[in-house]
Each structure stands twice: as C-alpha cells, then as structure tokens.
Amino acid sequence: MENVLKSNPFFKLLMMVIIMLIGSQQVYGQKVKPSESGYAPVNGIKMYYEVYGEGKPIILLHGAFMTIDTNWGQLIPELSKNRKVIAVELQGHGHTPFSERKLSHAALAGDVAAVMDYLKIDKADIVGYSFGGAIAYQFAIQNPGKLNKLVIISAAYKSAGWIPQVSSAFKSMKPELFTNSPMHTAYDAVAPDKTKWTPFLEQMIAAAGQPFDFGDSNISKISAPVLIISGDNDGLDKAELAKTYKLLGGGISADLAPMPKSQLAIVPGQSHVSLMMQTDTILNYLNNFLK
C-alpha cells in the first residue's frame with residue numbers, strides 16, 4: 001500500500017504541501033493578533049473570519065484543505081500594515097464547522113458576499129489562491145458591484161484550465177492520503193468538531209472530482225481589474241491561461257494600444273505549492289496592483 005501511495009502523483013503533491021505547512025508553522029509565533037474574529041451566520045452555516053489592520057478592505061480566500069494561518073500566515077502581517085485584511089475559512093475548513101450542505105463554487109462565493117454584508121463592507125479587493133481562486137472568479141461573476149480588484153493566484157475557472165496530470169490527481173485523491181498530515185494537525189488544532197475530518201475530506205474530494213466551467217463569456221464580462229499570478233510549472237495549462245488573459249483584455253501590443261487594466265504574472269521556477277512560499281514576490285505584486 002505504501003508503494004502504491006508513493007507512486008500516486010497526488011501523494012507527491014501532498015508531500016510538498018506538508019513541507020509548505022511545516023515552513024508556515026515556523027512563523028506562527030510571530031503571527032499578529034486579529035483586531036476582530038468570530039462567526040458570521042451566512043446561508044445556513046456559520047463562517048469563521050478574522051480581521052486585521054485598517055484601511056481599504058482586502059479579502060483573502062484560502063486553498064483547499066487549508067486554514068487562514070497555513071495559507072496566509074506570512075502575508076497577513078505585511079498586508080495589514082496599511083490595509084484592512086479580512087481572512088475567512090470556507091465551509092468545513094478550519095474553525096468553520098462541517099456542513100452537509102452541498103459544496104459548490106456558487107454557494108461558497110455567496111458565503112463570501114454574505115460575510116461582507118455581515119461586516120458592513122460594501123466593496124473590497126478579493127485575493128484567492130488555488131481553490132480559493134476559483135471561488136474568487138465565481139465571486140466576481142456573481143457580485144460585480146462588491147468587487148474593486150481581483151487577484152487570482154494559481155487557479156482556474158474551469159477544469160480544462162489544469163493540465164491532464166493535475167486533473168487525474170484530483171480524481172485519485174483518497175482520505176487516507178491525509179492521515180496524520182500537517183493539514184490534519186492544523187484542522188485538529190482549530191476545528192469545532194474534530195470527528196468531522198473524514199466527512200470533510202470526503203466532501204471536498206467528491207467536489208474536486210466534478211468538472212466545472214464558469215464560462216468564457218462570464219469571464220470576459222468581469223469589469224474589475226484582474227491580476228493573475230501563476231508559477232511557470234504550477235499545473236495550470238499555460239495555453240488556457242493565455243486565453244483567460246485575452247478574455248480579460250490582455251495579450252495585446254501595449255505599444256500600439258492602451259495598456260490593459262488587467263495583468264498576468266508568470267513566476268519562474270515555481271510549482272503550485274512553492275509559489276505561495278514566495279512571500280516577498282507575492283507581496284510585491286499585490287502592493288503594486290492594489291495600490
């Protein structure tokens with residue numbers, strides 16, 4: 001069984017995530033304390049949020065199986081120096097209780113909008129990584145009036161946005177791959193009901209195996225400026241990514257026409273996981289785009 005797991009491409013990805021999480025845990029002692037935290041009653045669930053700093057609001061949406069700390073622990077202290085940072089934990093993740101409610105991008109994007117209403121935030125910049133990036137795309141489609149600028153980090157708005165190896169890895173995920181992993185440890189540290197770990201994994205894995213496509217026409221209608229950040233080898237299909245950027249008005253000759261309001265950044269030498277470890281690089285892109 002051990003050899004089978006080690007030959008599984010997702011197992012290798014999981015090991016990279018574990019390394020990332022161990023590195024993230026090293027900064028926990030330096031983590032700034034939120035000025036506010038709690039649960040927002042949204043769409044039949046209680047959604048956990050943390051607020052840091054003051055200024056223009058920016059909302060952070062984490063990747064699959066992650067928590068606020070494991071995804072954003074190194075960025076929040078810097079972003080909150082001059083921004084009001086709102087970090088949330090999506091259905092079943094971290095502090096947010098497990099729910100039998102069916103997972104969907106539309107429902108989760110609706111939860112984010114409802115948290116904004118609960119916190120009396122009219123508009124915000126939205127930053128999403130991986131799974132959270134897909135939710136961010138859906139948020140932009142559903143709630144254009146609540147969005148200032150959008151940042152998508154290593155995420156796609158359709159299944160075809162990933163290379164075939166990644167799509168296959170999603171389909172081969174099993175709950176036992178996560179047993180006693182740092183993700184499991186992070187979950188146990190904050191989850192309101194630790195017995196929901198396996199049901200949570202099963203729910204997420206089932207959702208990950210479902211094909212999705214938010215529609216090229218919907219992406220082309222996003223009026224807010226969009227920054228796409230991708231590692232050069234992060235599993236995204238770069239031909240599809242170029243098409244996405246064109247839908248957003250990019251991929252032109254800016255010497256012959258006005259510079260597009262949206263931007264595309266391909267970070268060299270980075271995978272899906274290592275990209276989020278490049279704190280200074282990500283922070284520099286965010287500060288320049290969101291100013």
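The residues of the chain are indexed from 1 along the displayed sequence.
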Legend entry - Residues that Asp117 engages under salt bridge (charged side-chain N to carboxylate O under 4.0 Å, His left out), provided they are two or more places apart: Lys146
Inset, instruction - Check Met116 against Asp122 and note the closest heavy-atom contact, atom names and distance. - result: CE-O, 3.8 Å
Inset, instruction - Please check if the side chain of Asn284 supplies one atom and the backbone of Asp280 the other of a donor-acceptor pair under 3.5 Å. - result: no
Legend entry - Spatial distance of atom CD1 (Ile59) from atom NZ (Lys84) [nearest 0.5 Å]: 10.0 Å
Legend entry - For Pro57 against Ile121, the heavy-atom pair lying closest together: CG-CG2, 3.8 Å
Inset, instruction - Could you check whether the rings of Phe170 and Trp162 sit parallel, tilted or perpendicular, using 30° and 60° as the cut-offs? - result: perpendicular
Inset, instruction - Taking the side chain as every heavy atom from C-beta outward, state whether Val88 and Leu60 have any atom pair closer than 4.5 Å. - result: no
Inset, instruction - Check the side chains of Tyr49 and Glu36 for a donor-acceptor pair under 3.5 angstrom, ignoring hydrogens and angles. - result: yes
Legend entry - Main-chain N/O of Ser274 paired with Gln278 side-chain donor or acceptor, under 3.5 Å: yes
Legend entry - Distance-minimising heavy-atom pair for Glu89 and His62: CA-NE2, 3.4 Å
Inset, instruction - Answer with yes or no whether the side chains of Asn233 and Ser271 bring together a donor and an acceptor at under 3.5 Å. - result: no
Legend entry - Approximate separation, where rounding is to 0.5 Å, of Gln74 CD and Met276 CE: 8.5 Å
Legend entry - For Ser104, all residues meeting side-chain contact (heavy atoms from CB on, under 4.5 Å), sequence neighbours excluded: Ala106, Ala107
Inset, instruction - Anything under 30° is parallel, anything over 60° is perpendicular, the rest tilted; go ahead and classify Tyr187 against Phe200. - result: parallel
Legend entry - Donor-acceptor contact below 3.5 Å, side chain Asp234 vs main chain Ser230: no
Legend entry - Parallel, tilted or perpendicular: ring planes of Tyr129 versus Trp72, cut at 30 and 60 degrees: perpendicular
Legend entry - Interatomic distance, Leu75 atom CG to Leu283 atom CG [nearest 0.5 angstrom]: 6.0 Å
Inset, instruction - Find the distance between CG (Asn287) and NZ (Lys81) and round it off to the nearest 0.5 Å. - result: 10.0 Å
Inset, instruction - Could you tell me whether a side-chain N or O of Asn143 sits under 3.5 Å from a main-chain N or O of Gly145, the two making a donor and an acceptor? - result: no
Inset, instruction - Nearest 0.5 Å please: distance from the CD1 atom of Ile135 over to the CD atom of Gln142. - result: 9.0 Å
Inset, instruction - Please check if any side-chain donor atom of Thr195 sits under 3.5 Å from a side-chain acceptor atom of Asp193, or the reverse. - result: yes
Inset, instruction - Apply side chain to side chain contact (heavy atoms under 4.5 Å, CB included) to the pair Asp125 and Leu150, showing each step before the final yes or no. - result: CA-CA 6 Å; Asp125 297 326; Leu150 181 67; over 6 Å; no
Legend entry - No-hydrogen, no-angle side-chain donor-acceptor test under 3.5 Å, Ser217 and Ser220: no
Inset, instruction - Answer yes or no: is there a side-chain heavy-atom contact under 4.5 Å between Pro97 and Lys46? - result: yes
Inset, instruction - Start with the C-alpha distance between Val226 and Lys261, add both sets of side-chain angles, then the distance that settles side chain to side chain contact (heavy atoms under 4.5 Å, CB included), and finish with yes or no. - result: CA-CA 7 Å; Val226 182; Lys261 60 184 178 181; over 6 Å; no
Legend entry - Enclosure of Asn180 CG (heavy-atom neighbours >12, cutoff 6.0 Å): no
Inset, instruction - Mind checking the CD-CG spacing from Gln263 to Leu227? Nearest 0.5 Å is all I need. - result: 5.5 Å
Legend entry - Side chain to side chain, Met47 and Leu90, heavy atoms closer than 4.5 Å: yes
Inset, instruction - Using a 4.5 Å cut-off on heavy atoms from C-beta on, say whether the side chain of Ile86 contacts that of Ile58. - result: no
Inset, instruction - Determine whether Met259 and Ile266 fall in the same hydrophobic cluster, where Ile, Leu, Val, Met, Phe, Trp and Tyr are linked whenever their side-chain heavy atoms lie under 4.5 Å apart. - result: no
Inset, instruction - Spell out, as yes or no, whether a donor-acceptor pair under 3.5 Å connects the side chain of Ser168 to the backbone of Pro164. - result: yes
Inset, instruction - Grab the two heavy atoms, one from Tyr52 and one from Ser80, that are nearest each other, plus how far apart they are. - result: CB-CB, 3.7 Å
Legend entry - Sequence-distant partners of Ala114, side-chain contact (heavy atoms from CB on, under 4.5 Å), two or more places apart: Val42, Asn43
Inset, instruction - Quick one: do Leu79 and Leu286 satisfy side chain to side chain contact (heavy atoms under 4.5 Å, CB included)? Show the steps, please. - result: CA-CA 9 Å; Leu79 289 174; Leu286 293 181; 4.1 Å; yes
Inset, instruction - Would you check if Asp188 and Thr185 make a side-chain contact, meaning some heavy-atom pair closer than 4.5 Å? - result: no
Inset, instruction - Could you walk me through whether Ile153 and Leu275 pass the side chain to side chain contact (heavy atoms under 4.5 Å, CB included) test, one step at a time? - result: CA-CA 9 Å; Ile153 306 174; Leu275 177 62; 3.9 Å; yes
Inset, instruction - Answer yes or no on whether Lys149 is positioned over the face of Phe289, meaning its NZ or CZ is under 6.0 Å from the six-membered ring centre and within 45° of the axis. - result: yes
Inset, instruction - Report whether Val190 and Leu201 are members of the same hydrophobic cluster (ILVMFWY, side-chain heavy atoms less than 4.5 Å apart, transitive linking). - result: no
Legend entry - Which atom of Ile45 lies closest to which atom of Arg101, heavy atoms considered: CD1-NH2, 3.8 Å
Legend entry - Candidate list Phe178, Phe65, Trp197, test ring-ring contact (aromatic ring centres under 6.0 Å, His included), partner His184, passing option: Trp197
Legend entry - Close side-chain approach of Gln91 and Leu108, heavy atoms under 4.5 Å: yes
For residues 242-256, run the donor-acceptor check on the side chains, cut-off 3.5 Å, and write out each pair with its distance to 0.1 Å, sequence neighbours left out.
unit_1, atom_1, unit_2, atom_2, d
Thr244, OG1, Glu240, O, 3.0
Tyr245, OH, Ser262, O, 2.9

Legend entry - Pairwise ring pair (Phe, Tyr, Trp, His ring centres under 6.0 Å) hits with a residue in residues 133-155, at least two apart: Tyr137-Tyr157
Legend entry - Gly94 to Pro192 - nearest heavy-atom pair and separation: O-CD, 3.7 Å
Legend entry - salt bridge (charged side-chain N to carboxylate O under 4.0 Å, His left out) against Asp232, all qualifying residues, sequence neighbours excluded: none
Legend entry - Side-chain donor/acceptor of Ser159 to backbone N/O of Phe212, under 3.5 Å: yes
Inset, instruction - Might you confirm whether atom CD of Glu54 has over 12 heavy atoms from other residues, nucleotides or ligands at distances under 6.0 Å? - result: no
Inset, instruction - Would you check if Met204 and Phe131 make a side-chain contact, meaning some heavy-atom pair closer than 4.5 Å? - result: yes
Inset, instruction - Answer whether the closest heavy-atom distance between the side chains of Leu61 and Ile126 falls below 4.5 Å. - result: yes
